[in-house]
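Here is the structure we will look at, set down as structure tokens.
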Protein chains: 2
Amino acid sequence: MSSALPKAPRRGLADEAADLVRAAILSGHFPPGAALREVELAAHLDVSRGSVREGLAQLEREGLVRGGWHRGTTVIDVTAQDVEEVYTLRAALDRLATTTARRTATPEQLSRLDQLVADMAAEIAGTADTRRLVALDIAFHDQIYTAAGNGRLTTAWRAIRSQLHLFQLRRADAGYDHYRARVVDEHRELAALLRSGDRRTLARLAEEHVDSARRSLLAGLPD
Amino acid sequence: MSSALPKAPRRGLADEAADLVRAAILSGHFPPGAALREVELAAHLDVSRGSVREGLAQLEREGLVRGGWHRGTTVIDVTAQDVEEVYTLRAALDRLATTTARRTATPEQLSRLDQLVADMAAEIAGTADTRRLVALDIAFHDQIYTAAGNGRLTTAWRAIRSQLHLFQLRRADAGYDHYRARVVDEHRELAALLRSGDRRTLARLAEEHVDSARRSLLAGLPD
DNA sequence: TGATGTTCTAATGTTGACATTGAGACATCG
DNA sequence: CGATGTCTCAATGTCAACATTAGAACATCA
């Protein structure tokens with residue numbers, strides 16, 4: 001159905017622990033600034049501290065948590081500078097990803113982008129579940145990075161992806177009208193230009209897409 | 001002398017193990033494709049397997065080694081695609097780093113760039129130790145990323161820095177004339193434009209600087 | 001009283017032992 | 001003889017006990 005047996009890679013407990021903790025952070029169970037104690041998590045997840053430790057190291061690579069020598073691990077908090085840094089870097093990465101994908105994307109991959117835009121539109125027209133809308137937004141960009149086919153670029157994207165997810169969800173708590181009003185159109189335009197746009201126009205749009213998101217987010221933040 | 005006690009952070013054994021293994025890889029002790037066995041390293045470094053394991057995970061973040069479920073860790077190979085990926089991403093990162101540093105760099109940081117260029121020139125005129133020349137090249141770009149002051153951007157740079165180091169050293173074994181002929185001038189021009197260039201010219205030069213390196217490296221590689 | 005030194009403790013850092021697995025050697029069958 | 005199944009073992013994955021440390025509570029002294 002979904003895909004022709006790409007692989008069914010058995011992963012370790014560390015990966016699963018990382019997935020669980022990441023989900024808990026994104027769901028709000030661990031708010032920004034919360035301390036993540038290894039013993040506590042190990043007991044709750046029913047794995048050893050070593051595995052939890054390895055999983056937390058993974059989340060640190062993703063920038064979702066911060067840790068220090070003998071000082072434990074805590075969820076990052078969302079300062080204006082953090083937002084500035086992540087969105088600035090993301091603009092540069094997206095610029096490269098979109099211009100690359102413009103050359104390398106297969107028809108199937110482009111169709112998948114259209115499908116995701118359609119899903120967004122349906123979500124807006126329907127229940128408008130903000131969490132799902134944000135997930136679709138990120139999935140859209142995941143697909144672009146996949147289509148670009150540059151492993152290192154995808155790794156760099158993964159290193160800010162979770163932070164981005166956290167930022168967008170955080171904003172969801174405080175009014176999301178502007179986002180909802182533009183998210184479908186902006187992504188539809190991106191998908192269209194990936195098919196038929198010239199490189200420079202696409203590069204500019206990709207940067208503006210991110211810049212608009214950054215300004216919109218910062219406007220509601222300076223707390 | 002050096003700096004006014006910024007900090008003397010005690011690090012863990014894992015970090016030291018990572019440093020040692022990284023140095024061993026870059027020195028050629030572990031050639032591309034070599035297997036890094038945890039027990040072996042643990043015995044040789046006189047630390048536990050756990051610490052070695054954590055250190056190897058760190059090197060994996062840097063892209064210097066690859067690992068899989070129950071399949072051990074090996075030094076990455078240097079294929080044409082690897083070079084293509086790393087240099088393409090680096091061009092995008094450097095573009096952002098230089099244009100940002102143009103706004104944020106302090107006079108002291110700019111002076112340090114000049115100093116590094118002078119060191120390169122001295123090295124060329126003198127013994128022309130290739131390893132040291134490559135180290136200066138990378139230190140130059142380290143300084144630019146530091147001056148840009150974007151933590152996430154610096155993290156993304158670190159994720160390809162060691163690979164880049166490995167690539168450049170690998171090429172050093174097979175003729176380095178073109179590199180030696182241009183490295184000083186190119187970096188001097190970059191330093192100059194960081195002081196007085198306009199944004200667009202600087203962005204273009206930063207990309208060309210990397211693109212030139214990539215082509216030069218790929219030319220001598222397809223083995 | 002405020003600054004400095006000390007003690008205590010909860011949490012992380014580190015380790016060696018045990019469990020599991022992947023890949024090749026070997027045997028078996030068509 | 002080639003393909004397939006089984007076995008073996010070295011290497012990794014996991015775990016629980018022990019060692020170390022950062023920070024806070026407390027005591028001490030000018």
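So you know, we letter chains A, B, ... as the sequences are listed, proteins then strands, and number each from 1.
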Item to check | Distance, rounded to the nearest Å, where Arg66(B) contributes CZ and dT12(D) contributes P | outcome: 18 Å
Checklist entry - Which part of the nucleic acid does Leu56(A) contact within heavy-atom distance under 4.0 Å: base, sugar-phosphate only, or nothing? => result nothing
Next on the checklist: Going by side-chain contact (heavy atoms from CB on, under 4.5 Å), Leu41(A) matches just one of Leu20(A), Leu56(A), Val47(A). Which one?
Outcome noted: Leu56(A)
Checklist entry - Which word best sums up how the rings of Trp157(A) and His141(A) line up, parallel for under 30°, tilted for 30 to 60°, or perpendicular for over 60°? => result tilted
Checklist entry - With respect to Val21(B), which candidate in Leu26(B), Leu36(B), Val75(B), Val52(B) satisfies the side-chain contact (heavy atoms from CB on, under 4.5 Å) definition? => result Leu36(B)
Next on the checklist: Any base atoms under 4.0 Å from Leu36(B), or only sugar-phosphate, or nothing? Heavy atoms, all strands.
Outcome noted: sugar-phosphate
Next on the checklist: Across nucleotides 13-18 of chain D, 5' to 3', mark each nucleotide with B, S or - according to how protein heavy atoms within less than 4.0 Å reach it.
Outcome noted: BSB-B-
Checklist entry - Got a salt bridge between Asp142(A) and Arg158(A), using NZ or NE/NH1/NH2 to carboxylate O under 4.0 Å? => result no
Checklist entry - Is the shortest side-chain N to carboxylate O distance from Asp19(B) to Arg11(B) below 4.0 Å? => result yes
Checklist outcome for this item: Separation of dG22(C) atom C1' from Arg37(B) atom CZ, nearest Å, is 15 Å
Next on the checklist: Please find the pair of heavy atoms, one from Arg131(A) and one from Ser27(A), that lie closest to each other, and give the distance.
Outcome noted: NH2-CA, 3.5 Å
Checklist entry - CD of Glu40(A) versus C1' of dA10(C): gap in Å, rounded? => result 12 Å
